[in-house]
Amino acid sequence: MAPTLLTGNVAAAWGARLARVDYVPAFPITPQTEIIETLGAWVDSGDMPGRMVTLESEHSMLTAAGAAAATGVRVFSATSSQGLLHAMEMIYTVAGWRAPFVLVNVSRGLASPITLEADHNDVLAARDSGFLQIHCADCQEVVDGVLLAYRLAEDPAVRLPVMVNLDGFYLSFTREPVNLPDPAEVAQFLQPFDPGAIRFAASAPESQAVAVLGGSPYSYFRYETHLAAQNAVSVYGDIAGEFRERFGRERGAVEAYQTEDAEVVFFMMGSFATKAREAVDRLREAGQRVGLLRPRLLRPYPADIIAGALEGVSGVAVIDQNLSVGQGGVLHTELSAALYGREGAPAVLTSFIGGLGGREISPEEFYQMAAVTRQAVETGVTPPPRLLYTETELREIRKLQSVALVERDETSPRGGAGKPPGEEDKQ
Amino acid sequence: MTEAIRLKAKDYKSGVKPIWCPGCGHFSVFNAITKAMAALGINKDDTVMVSGIGCSSRLPAYVDSYGFHGVHGRGLAIAQGLKVARPDLTVLAMGGDGDGFSIGGNHFIHACRRNVDMTYIAMDNEVYGMTKGQASPTTPMDWDHSKLTPHGPGVRPFKPAALALASGAPWIARAYSGNPNQMAKLIAEAIEFRGFSFLHVMSQCITFCPEQTDWKSIVHEREEPALSDADEAAKLFLHEDGFQTGLLYSEQRSTWPPDSAVQIEEGAVDQLAAAFRV
């Protein structure tokens with residue numbers, strides 16, 4: 001089949017359509033709305049037999065998704081950023097219900113300040129919830145990721161909801177050539193959902209999501225959810241293997257690009273990793289042994305696979321398109337935890353925060369990160385974490401701030417807003 | 001220098017250029033707000049505009065007062081918190097029908113019930129504009145212009161005035177973007193009213209609902225004085241066409257938090273003393 005030009009949003013909608021979903025609860029939010037609008041049009045035209053309902057908020061939407069999934073039907077929904085946060089109460093709750101469904105998140109930075117463009121703080125806010133997470137780097141991975149996500153979610157050893165993440169604007173609104181899998185092939189790969197014990201059956205009443213009072217049963221069920229999530233590492237490996245055989249595309253838990261003989265490796269997720277791949281090629285041309293390692297699967301965290309891929313690597317430049325305020329990059333923290341004490345682990349992990357709120361990461365910055373990491377390997381001194389931010393950007397923002405301060409001074413009747421507190425009385 | 005200078009409506013504009021589409025009804029609401037502020041001679045420094053998320057929620061940036069661009073649906077929660085903490089401030093909350101009646105619907109009914117002394121302006125264009133045209137809780141059932149609901153939302157729209165009344169709002173008025181003078185007058189009255197004043201503005205979205213230009217021939221001004229009886233108001237709000245403008249209902253109720261100085265009727269203390277005399 002010839003590739004079709006699709007935006008990441010429409011690719012996500014195709015994933016849902018090919019998965020033959022039964023139910024889509026929806027609520028619009030930028031930059032995700034195109035997904036539900038596409039599905040709405042298909043449901044209307046009869047191309048998709050499922051049922052779609054618009055809700056009054058993401059909180060209700062996630063509740064509806066979880067409730068529908070708990071009856072044993074195949075459910076799809078999509079959100080982004082503030083919407084995911086608004087639904088956060090239900091994100092944790094429905095994960096505990098152990099009702100599998102797929103939620104696409106179109107990553108967008110969180111308020112405040114308000115922005116529309118991509119970073120991963122939204123999806124990472126859900127990392128401890130029990131939802132599994134698949135992260136995509138291009139539009140092809142989005143449609144593939146949704147199909148893989150259903151297999152993973154519905155596997156009897158897992159039975160957890162799965163989030164598929166794509167970056168707002170960079171993927172959501174960018175058209176790329178996408179090979180849409182043949183529906184008959186997909187039907188073979190993704191069989192009808194067998195909900196097993198997950199059901200809502202007439203004459204067989206049972207109570208779900210009951211309260212447990214006390215730490216003992218609570219610990220048991222929370223840890224059971226954790227073990228189910230951990231099962232998903234090997235389950236995902238099997239599914240990705242089957243996917244490769246059937247569709248010819250490699251979708252393993254991590255993407256390892258030129259890591260075999262690499263001294264320095266970039267470690268990052270999402271669409272910006274395609275820029276890293278390009279930088280690797282340029283650096284290789286210049287004779288440097290550089291590679292890229294990108295987790296597709298973030299939850300469960302494929303620690304052994306990552307550690308294996310980094311064995312023998314001297315330094316890792318971890319690029320976090322997120323910021324855990326007061327701590328630093330989430331990927332850096334998690335990678336450090338995964339590698340600590342392992343034999344053959346890289347000696348140096350440098351930390352870079354880049355791409356917040358959709359800020360570009362330039363090729364030069366990749367070259368610089370590789371150079372800084374190589375230097376750290378040579379000197380044995382790891383530099384402190386660094387925000388990718390140029391002198392020009394800093395000068396520009398300082399200029400705007402000084403204009404704002406002057407304006408405030410000129411217009412404020414109390415004056416002195418530009419002076420430190422208390423200074424205005426000293427004159 | 002100490003002499004107060006009377007500000008004009010334009011002096012209450014921040015100079016930030018609105019992002020609204022040409023022909024958007026919200027321009028008119030913005031003008032009416034600044035006009036009302038000028039008419040009341042409101043001090044900019046004592047006034048706060050609070051909003052949620054959406055096209056209309058961009059309004060605080062355009063007014064030269066204190067402003068707060070909140071979270072989707074949370075404008076009223078922020079505004080009430082602010083007013084309770086700083087009762088000396090004039091607080092106006094504002095937003096659209098999506099922000100106020102769907103994701104923030106819970107805050108709306110409880111704000112009506114709580115009756116904090118503030119003003120809420122809901123700019124109702126019956127559509128989610130910022131996400132490019134989806135049905136909101138006030139969209140007609142058969143509105144079929146959205147890709148998301150190609151045959152209309154199929155759900156009965158809210159009647160915001162009826163909802164406000166049932167939730168306990170003591171002051172309910174309706175304005176239309178095509179009549180900014182009436183709107184300015186109503187906003188001034190809303191600000192002066194002691195309690196939660198709810199102004200429902202029919203503010204057309206030319207981009208996604210071009211049919212709303214017809215509102216011009218549908219709106220009609222209320223000629224009778226405002227109702228002060230909740231029973232009568234309930235009948236009105238359930239049966240009206242939703243396009244009657246003017247002050248529709250007004251009744252004085254105790255606000256929250258209650259006044260710290262309790263009003264005592266004249267002679268009441270003497271009567272009480274007499275009752276305890278032996």
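None of the values given here were measured: they were computed from a predicted structure.
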>> Using heavy-atom distances under 4.5 Å, tell me whether B:V71 contacts chain A through its side chain, its backbone, both, or neither.
In response: side chain

> Using the ring of each side chain (for Trp, its six-membered ring), is A:F27 parallel, tilted or perpendicular to B:H72, with breaks at 30° and 60°?
Replying inline: tilted

>> Does B:Y62 have more than 12 heavy atoms from other residues, nucleotides or ligands lying within 6.0 Å of its OH?
In response: yes

>> Less than 4.5 Å apart, side chain to side chain, heavy atoms only: is that true for B:I103 and A:E58?
In response: yes

> Given that the side chain runs from C-beta out, which part of A:Q82 has a heavy atom under 4.5 Å from chain B: side chain, backbone, both or neither?
Replying inline: side chain

>> Within the 4.5 Å heavy-atom criterion, are A:D44 and B:H151 side-chain neighbours or not?
In response: yes

> With chain A, which of B:G98, B:S102, B:G73, B:S136 has the greatest number of heavy-atom pairs at distances under 4.5 Å?
Replying inline: B:S102

> Do B:L148 and A:M52 have side-chain heavy atoms sitting under 4.5 Å apart?
Replying inline: yes

>> Which heavy atom of A:I114 sits nearest to which heavy atom of B:G70, and what is that distance?
In response: CD1-O, 4.0 Å

> Which heavy-atom pair separates A:G40 from B:P150 by the least distance, and what is that distance?
Replying inline: O-CG, 4.2 Å

>> Heavy-atom cut-off 4.5 Å, strictly under: side chain, backbone, both or neither for B:K132 against chain A?
In response: backbone

>> If you define the side chain from C-beta out and look only at heavy atoms, does anything of B:Q134 sit under 4.5 Å from A:T54?
In response: no

> Which bit of A:I29 is near chain B, if near means a heavy-atom gap under 4.5 Å: side chain, backbone, both or neither?
Replying inline: backbone

> What's the spacing between A:E34 CD and B:K147 NZ if we round to 0.5 Å?
Replying inline: 7.0 Å

> Which bit of A:H59 comes within less than 4.5 Å of chain B, counting heavy atoms only: side chain, backbone, both or neither?
Replying inline: neither

